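Values below: every heavy atom of this structure, side chains too, minus hydrogens, waters and symmetry copies. Remember, predicted model here, so these are calculated numbers, not experimental data.
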Amino acid sequence: MRQSLEEEGYKPPQYDDERGCELVIADICEYLSFKQLNDNASENIEKKIYSSFTIAKVAEYCFWWYNSCNRCHHQVSKVGKSFKCDKCPRTIPVSDKRFRVLITAQNSTFSYNFLLMDRVVKPMIGISASNLKKATDNDPKIIPGVIAELASKEINVSVEVIEDNNSEGGFLFHAIDFYDTSKPSTSATYNSSPPHIPAITLTNKLDHIRTNRTLGSAISVNKKIKMV
């Protein structure tokens with residue numbers, strides 16, 4: 001059998017004798033401060049980077065969720081009774097609801113606007129965007145209390161830098177996922193020392209939301225926002 005395979009051109013794989021057949025590729029991710037993110041924004045597009053900051057304020061009167069494609073998670077547009085994804089491209093009967101929350105992020109020297117994406121918001125508040133929408137059933141531009149309460153939280157996140165097509169020379173910063181520097185398979189390089197970030201306790205607030213179905217108005221929500 002082996003001779004037959006070799007005659008057909010088969011070559012057995014070569015393994016590293018010291019590490020065995022399983023090769024682990026480390027995820028190289030670079031820590032950048034806000035100033036470094038902003039000063040070199042064009043150079044950071046599509047790079048694996050992360051940053052640490054405090055959520056200083058959650059923006060009011062902004063949509064906190066969007067209709068997304070259940071395959072690629074990009075925003076879809078409603079066409080009749082269906083939804084169209086321009087990226088896949090395809091038409092789907094039902095869209096997913098995902099978080100996209102505009103915040104003011106602050107570190108020791110600068111503050112910038114960030115968009116907190118679904119994989120950051122959902123574990124922090126312990127409920128999906130779809131279930132929160134069903135539980136609140138309010139004006140989509142009024143921020144639910146559980147999201148407003150994210151103010152003053154400190155987080156360590158992977159950052160995606162995107163060129164803003166709506167403004168000349170501008171860039172958008174998306175916090176797309178939590179970044180765990182304690183993972184042994186993760187290697188991080190530092191341009192500056194990242195601050196210590198305390199662990200975030202994840203809680204499920206669905207029962208609390210259902211019990212207190214009528215959330216506060218924009219004025220009462222504003223009182224809950226703690227500026228740092």
Salt bridge (Lys or Arg N to Asp or Glu O under 4.0 Å) with [X]: which residues, sequence neighbours excluded?
X: Asp118; value: Arg98
X: Arg71; value: none
X: Lys97; value: none

Can you tell me if Thr104 uses its side chain to pair, donor with acceptor, with the backbone of Asn113 under 3.5 Å?
no

So, the side chain of Glu43 versus the backbone of Asn40: is there a donor-acceptor pair under 3.5 Å, distance only?
no

If you group Ile, Leu, Val, Met, Phe, Trp and Tyr whenever their side-chain heavy atoms sit less than 4.5 Å apart, what else falls in with Ile176?
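In the cluster with Ile176 are Tyr66, Leu102, Leu115, Met117.
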
So, do [X] and [Y] sit near enough that their side-chain heavy atoms are less than 4.5 Å apart?
X: Asn38; Y: Phe171; result: no
X: Phe178; Y: Ile155; result: yes
X: Pro144; Y: Leu132; result: yes
X: His174; Y: Leu172; result: yes

Linking I/L/V/M/F/W/Y whenever their side-chain heavy atoms sit closer than 4.5 Å, directly or via other members, would Val146 and Phe63 fall into one cluster?
no

Measuring from [X]:[atom1] to [Y]:[atom2], what's the distance to the nearest 0.5 Å?
X: Ile49; Y: Tyr179; atom1: CD1; atom2: OH; answer: 11.5 Å
X: Thr136; Y: Trp65; atom1: OG1; atom2: CH2; answer: 10.0 Å
X: Ile55; Y: Ser152; atom1: CD1; atom2: OG; answer: 8.0 Å
X: His74; Y: Cys69; atom1: NE2; atom2: SG; answer: 9.5 Å
X: Ser52; Y: Asn156; atom1: OG; atom2: CG; answer: 3.5 Å
X: Lys133; Y: Ile127; atom1: NZ; atom2: CD1; answer: 12.5 Å

Give the ring-plane orientation class for Tyr31 versus Tyr50, where under 30° counts as parallel, over 60° as perpendicular and anything between as tilted.
perpendicular

Go through the structure and list residues passing side chain to side chain donor-acceptor pair (under 3.5 Å) with Ser95, not counting sequence neighbours.
Asn67

Taking side chain to side chain donor-acceptor pair (under 3.5 Å) as the definition, give me every residue that meets it alongside Ser128, ordered by chain and number, with sequence neighbours left out.
Asn131

Show the nearest heavy-atom pair for residues [X] and [Y], with the distance to one decimal.
X: Ala175; Y: Val157; result: CB-CG2, 3.8 Å
X: Val101; Y: Trp64; result: CG2-O, 3.9 Å
X: Leu37; Y: Asn44; result: O-ND2, 3.7 Å
X: Ala41; Y: Val161; result: O-CG1, 3.6 Å
X: Asp177; Y: Arg119; result: OD2-NH2, 2.8 Å

Could you list the residues that satisfy side chain to side chain contact (heavy atoms under 4.5 Å, CB included) with Phe110, not counting sequence neighbours?
Phe34, Lys35, Asn107, Tyr112

List, one per line, each side-chain donor-acceptor pair under 3.5 Å for residues 76-94, sequence neighbours excluded.
| from | atom 1 | to | atom 2 | distance (Å) |
| --- | --- | --- | --- | --- |
| Arg90 | NH2 | Asn70 | OD1 | 2.4 |

May I ask you to say whether Glu30 pairs ionically with Lys47, meaning some side-chain N is under 4.0 Å from a carboxylate O?
yes

Applying side-chain contact (heavy atoms from CB on, under 4.5 Å) to Asp96 and Ser68, what does each step give before you reach the verdict?
CA-CA 5 Å; Asp96 286 343; Ser68 78; 3.4 Å; yes

